[in-house]
Amino acid sequence: MSQRVLDALKAKFGDAIVATESQHGDEVAVVKRDKLKDVATWLRDDKAMAFDTPVFVTCIDLLDWRPVKAPGKPSSTRPEWDGVAPRFEVCWQLRSLAHRHRVRLKVALAENDVKVPSLTPLWSGFEWQERETFDMYGIEFVGHHDLRRIYLYDEFVGYPLRKDYPKEKRQPLVRRPDLVGDH
Amino acid sequence: MLELVTTKLEDVANWGRKFSLFSYPFVTACCGMEFMSVAAPKYDIARFGAEFPRFSPRQSDLLMIVGTITEKQGPALRRVYDQMAEPKWVIAFGVCASTGGFYQNYHAMPGADQVVPVDVYIPGCPPRPEQVLDAIMLLMERVQRKDGHSQLRLKREKIVLEQQRALDDD
């Protein structure tokens, strides 16, 4: 669908594009972290790309990654870039209303280094979604002007959508003082 | 004689209370649709005198907790309950308000009774209007009996009586 965007990215940036893939009409480009800002700026400002609409930001936690087995298909392999199997993948989905094409930028992150450049200065529509990704996954968006929790309360410790957050762990703000021994 | 008059007075007052429950709808989720349906003419809780939602806790005596309560909402719910004047009653409307429902995670409270005492629980996701009417009738019985988990005044009286009795034993 938007294969020409991927081709243009590879021709323009070469090594900075670690990998590309296409699935169900969605084009994905995995970008090196320190080149993300350049790639995104070019995608926004180039006349032939003109990505004017931010769609979403999210993160994928690959902690429990297992190969998908489907009959008749080779089993998938864990994504591995620069020799490191990443813990997190941060995704930005972009869309061009002018050219009617879209692309997804991905950055792979190791577990102990979750800093990633923020794209909020380029598309202000990403502001709250990057805050949400920070809230739920603890991804630190460098360059975001107001990075703090958006849904959860300030007292909350940890990041609940990480796969290693205990499923039933609750962090109550209030409980009834008379709950024990009342009825 | 005086005792007889005061107990009968209390009965009359409770009879009045049970047919004029002013509800505060603490509506947070999809159960609100069913609450509207109960309040609307087809099922019509006006037949039980409970049709008048007051959006001020000061003027209401029935707290309807309609929908999922999250941990973040806990302090707000507790505050609304504390602001209500006694006597007051609480209904947990729907399975989320009663037990947390199908949520078992970091954000949903396992039942609103973690924060405020609840008198009547209505199961269902969401409950049928008939169940809500049934719950209101159950609550009316309790009101007439001067009963209720949330009756702090009664609890205080009971504690004072027990202390009195302990003193008398000494």
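Model, not experiment: these values are computed from the prediction. We name chains A, B, ... by the order of the sequence lines, and we start the count at 1 in each one. Heavy atoms only: backbone and side chains are in, while hydrogens, waters and symmetry mates are out.
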Exercise. Would B:V90 and B:V95 show up in the same hydrophobic cluster when neighbours are defined by side-chain heavy atoms closer than 4.5 Å?
Worked result: no
Exercise. Considering residues, nucleotides and ligands other than A:Y153, do more than 12 of their heavy atoms fall under 6.0 Å from its OH?
Worked result: yes
Exercise. Quick one: are B:H107 and A:F156 in side-chain contact, heavy atoms under 4.5 Å?
Worked result: no
For this session: Please check if atom CH2 in A:W42 has more than 12 non-hydrogen atoms from other residues, nucleotides or ligands closer than 6.0 Å.
Result: yes
Exercise. Just how far is it from atom OH of A:Y151 to atom OG1 of B:T70, taken to the nearest 0.5 Å?
Worked result: 12.5 Å
Exercise. Looking at A:R175 and B:E71, does any basic side-chain N land under 4.0 Å from a carboxylate oxygen?
Worked result: yes
Seminar exercise, completed: Nearest heavy-atom approach of B:A108 to A:R170 is O-NE, 3.0 Å
For this session: Hey, could you give me the CG/OH distance between A:L161 and B:Y106, rounded to the nearest 0.5 Å?
Result: 4.5 Å
Exercise. In terms of heavy-atom proximity below 4.5 Å to chain B, should A:K169 be classed as side chain, backbone, both, or neither?
Worked result: backbone
For this session: Determine whether A:V116 and A:V30 fall in the same hydrophobic cluster, where Ile, Leu, Val, Met, Phe, Trp and Tyr are linked whenever their side-chain heavy atoms lie under 4.5 Å apart.
Result: no
For this session: Please check if atom NZ in A:K37 has more than 12 non-hydrogen atoms from other residues, nucleotides or ligands closer than 6.0 Å.
Result: yes
Seminar exercise, completed: Distance col, row A:L173:CG vs B:K72:NZ, nearest 0.5 angstrom, shows 9.5 Å
Exercise. What do you reckon, is CG of B:D168 surrounded by more than 12 foreign heavy atoms closer than 6.0 Å?
Worked result: yes
